Amino acid sequence: MAMNDVISLLISGLGLAGIYFLLASGLSLIYGLMRVLNLAHGAIFAVGGFVGWAALEYLPVEPDWLRFTAALVLATLAGAMLGILIEKGLLARLYGRPYAQMLLTLGLAFAMTAFLGGWLGHDPLTLKQPAWFDEVTVIAGSRVVNSRLVIVGIALILFLATVVFLRRSKHGLIIRAGVNNRSMVMALGINVSKSFTLLFVIGSGLAGLGGVLAGVFFGSVTPELGTQQLIFAFIVIIVGGLGSLEGTALAALVVAVLQQFVNYYGPPGAGDLVTVLLLAVMLLVRPRGLLGKVAA
Amino acid sequence: MTRTQASPVRSWTASTSVLSLRNVDVHRGEAHVLRDVSFEMPPNAVTALLGRNGAGKTTTLLAVVGLLAATGRMSMAGTDLKPLKVDERVRQGIGYVPEDREVFADLTVAENLRLAMRGPESQARLQQVHKLFPILHERAQQRAGTLSGGQQQMIAIARALLNDNKILLIDEPSKGLAPAVVTEVVQAIEQVKATTTILLVEQNLAVAARLADHALVLDQGRLVYSGPMEDFARDTEATSRWLGVDIRPKAVGGRGNE
Amino acid sequence: MKRTAARNVPLAIAVALFAAVPFLSNVSVPLVFDGPLGSLGTMQIIAVGLIFAALAMTFDLLFGYTGLLSFGHTLWFALGLYLPAVLMVGAGAPFGTALLLALAACLLLSLIIGAVALRTSGIAFAMVTMAFAEAFLIFVERNPTKMFGGDEGITVAGSLLPQAVRGVAGIGTVYWIALVLAVTIYLLLRQSVGSRAGHVLQGLKENPLRVELLGLHTYRFRLLSFVLSSMLAVLCGFVYLLVARVAYPGIAGTDFALLIMVMVVFGGTGRLWGAALGGFLYGVANIRLGSMSTAAFGEGLPQWISGPLQEPPLYIGLAVVLMMLFAPEGLAGLIEKASSRLRARLAGSRRGRNSGAAPSGSGGTPGGDGTETALAASGQR
Ligand SMILES: Nc1ncnc2c1ncn2[C@@H]1O[C@H](COP(=O)(O)OP(=O)(O)OP(=O)(O)O)[C@@H](O)[C@H]1O
Ligand SMILES: [Mg+2]
């Protein structure tokens, strides 16, 4: 193993971990708080990717890093808007019936993916990334593509922001407590559904942003981007332990780095398959997941 | 309906009654757990809710808080509770101390308390709570899940004291605690009882007799006694019949039955 | 006894109708089918509908018995196509041998995967099964062994199949096989799950994915249900291979796995015939929508409208959304409501001025007991 490859693969893995975290953390907390499995989460992710692609393609903003920033902001807003519409407009009407809610989001996922595919096609659309993204930086003697560093940086900032939000804010407190025991939070006179709406919006916004990062990571976006990444997000959630943010972060790292290394050194697709194997092993030795509190 | 001969049933008019239940029925799954329960609670007094295991005591509290659906009428200080959701009912002025404490294990002690605080007056009340339970101040930054059972019970009671509540619903505060800790918890309740209305579920007859002014007794989901606590506790036939307790109430600190 | 007989009347009518199809070579159903019913093209489409009906019912077996929701049920259907195809095309095995080997392999695999996945329950089980199904799709698409055909899939030449199902004439035989498959699975499951599925699903409405009933079943019992429902799905795959004559990645992986769930939900959860109806309609509609929408829409509208209008999943997705909002009981629920209303109307007119509405036969929402919100139910222990 060349040392160069190891460092650059590690950084790639970190970037992918960030993307998984952005997708999985929202899903896991939303499920933890209200038992709503949002299957449209992946579609929101894909919409974010497309908004990012469109912004980079058409926004007349210079210099290009500013355009990229605008793309991130727009994708986040698009995700958050979708989140409000879905939660307030649709899910709230099925309050207390998580099974129907899940199926509704499944229908949305199909419809949204089909909409994107019908409008913009199913072929990959290449993102016009800032020129600097394609250049390389030498870190500890190994050449790392800059876009990887950008992804890692953004993901790290968002991870810290999420942790601070959950630890410091009142809503964060309600969310953490509610994942643990929602009825008791209600019995303290707290309107949990307000915090849930906020969580849903933030989770959807982060998914939208994650879509852009995934577009940068893979170089292009497709309507099916969301569904594909959703699977790995699921694996991350189970390996990390349902409802545990720290577990999700840790599992994202483990799954993504493992996947990167095996994909690089192994036969095609091996890295993706190994993550499923990891999941199986995890279930055999520790069904609760790395840091899980609830056995689902 | 059978009542013990201990005392005539006193009734309070709706205007003085803090909590009023009329013909309340609760089903849990297949089971018909509460049957036609009606009672009134006088203000600034402790009412003990007694009965054997599975009689429906916890169910009654859950129905009042709104965590279980119930039929019949329920009102608190003249406000109809039925149309209100759980959090809305609680904000009307209910302090709920659940049976198994239900503290948030992953949150710190301070966070557990902060979650319960509503208005600005909660801040002042926090001082009082810390005076009542100094340990909660000392251990503020410790994870609640790592506290002892008694300390967790203090968190659970403290949460109910942080707001200007009209009524406290306290479910078996002495459950699973060592005698010394029971005494501490009982003393805490005694300190607040002069100014609050409390509905207290308690298996420990000695504790109930010491704290309560009135008693309500449930048997298989039906209310079978409502009257002064003293009369009920003295009536050995009644206590053995409805609670399965033969022993005389003894000094607090002993574990009544169990 | 009488009730059983009454129960069998709709079934007998359905079977008779399907059995008549091959003989109706001059009856045509405009709009729905291109050719007359008895034409080979139409019979092929109906056969696909029957197979999907059977597949949707096998999904109900696991769900109905254990309350476990699988997001990866299609894995077994896909294996039912892929394994015989690989064995015949790649390894040159004769048809019968290929089927037997495939059955044995699937039995082993479903035992292993079931044993692992059943260590979880509820939502985690759904996620885990989805991961396994997706893993198979990845395996097929990346095709590291060069035997699974990649994106193209594996086409099975007619010459590899038995004489009876070969060529154009074979479609007739396959049609009968599909009908037998659907009816057999229906009868088998009606016997074992029928009422239970409804029962569990009533619970699911209140507190889904965490049905208390789970506690009643031992691990081995759940594993048995898992293996049985998987193996029946493999059989559906076998028959579908005879119709499609190609194993293709479109029926593997998450999207199709979720589609199976959509079929069941659309038809009506909790009723076996609802699942069958959903599967049948999907099987037929998918083929027909695909060929209709590409031709029909699009002219004159901007791309962002006309493009999506040509995507069948758009209609399926929107239909599910509407269904959840307005008729969560699915088509079967609507039909039952309508028929009980009709019966009430008939009974009413017979009895003259009896104004009291007859009790509705449909399940409806049971009086909400709100147990989900009970503190005790919310975890912590
Ligand atoms: N989740 C539930 N589902 C169905 N029945 C329940 C449930 N929880 C409790 N019950 C039943 O309701 C009845 C009353 O229970 P409840 O918890 O109110 O009793 P309790 O008087 O508080 O008893 P204890 O002294 O043991 O706490 C019991 O018969 C019990 O079996
Ligand atoms: Mg109790």
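Numbers restart at 1 for each chain; the letters A, B, ... are given by sequence-line order, proteins then strands. Computed from heavy atoms alone, side chains included, the values below leave out hydrogens, waters and symmetry copies. Everything quoted here is computed from the prediction, not taken from an experiment.
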TODO: Kindly indicate, with the supporting measurements, whether the criterion side chain to side chain contact (heavy atoms under 4.5 Å, CB included) is fulfilled by A:W119 and C:I305.
DONE: CA-CA 7 Å; A:W119 182 10; C:I305 302 176; over 6 Å; no
Task: Which atoms of C:D255 approach chain A - backbone, side chain, both or neither, heavy atom under 4.5 Å - done: both
TODO: Begin from the C-alpha positions of A:M102 and C:M324 and carry the test side chain to side chain contact (heavy atoms under 4.5 Å, CB included) through to its verdict.
DONE: CA-CA 10 Å; A:M102 178 192 76; C:M324 283 305 114; over 6 Å; no
TODO: Check each atom of C:M261 against the heavy atoms of chain A and say whether the ones under 4.5 Å are side chain, backbone, both or neither.
DONE: side chain
TODO: Could you tell me whether a side-chain N or O of C:Q303 sits under 3.5 Å from a main-chain N or O of A:G118, the two making a donor and an acceptor?
DONE: yes
Task: Selection from C:L322, C:L325, C:I316 maximising heavy-atom pairs under 4.5 Å formed with chain A - done: C:L325
TODO: Taking atom CE of C:M147 as the centre, report whether more than 12 heavy atoms of other residues, nucleotides or ligands fall under 6.0 Å from it.
DONE: yes
Task: Candidate list A:L106, A:L103, A:T105, A:L108, test side chain to side chain contact (heavy atoms under 4.5 Å, CB included), partner C:V321, passing option - done: A:L108
- [ ] State the CZ-CZ distance between C:F326 and A:R93, to the nearest 0.5 angstrom.
- [x] 5.5 Å
Task: Side chain, backbone, both or neither of A:L39 within contact of chain C (heavy atoms, under 4.5 Å) - done: side chain
- [ ] Dump the intermediate steps for side chain to side chain contact (heavy atoms under 4.5 Å, CB included) on C:R142 and A:D272, then the final yes or no.
- [x] CA-CA 10 Å; C:R142 302 293 177 87; A:D272 301 355; 3.3 Å; yes
- [ ] Examine whether an atom of C:V265 lies under 4.5 Å from a heavy atom of chain A, and if so say whether it belongs to the side chain, the backbone or both; otherwise answer neither.
- [x] side chain
Task: Residue part contacting chain C, namely of A:L104, when any heavy atom lies under 4.5 Å - done: both
TODO: Using non-hydrogen atoms and a 4.5 Å limit, figure out which bit of A:L116 sits close to chain C: side chain, backbone, both or neither.
DONE: neither
Open item on the list: Can you give me the closest heavy-atom contact between A:I231 and C:A131, atom names plus distance?
Closed with: CG2-CA, 4.1 Å
Open item on the list: Walk me through whether C:I123 and A:Y31 qualify under side chain to side chain contact (heavy atoms under 4.5 Å, CB included).
Closed with: CA-CA 9 Å; C:I123 206 66; A:Y31 178 78; 3.4 Å; yes
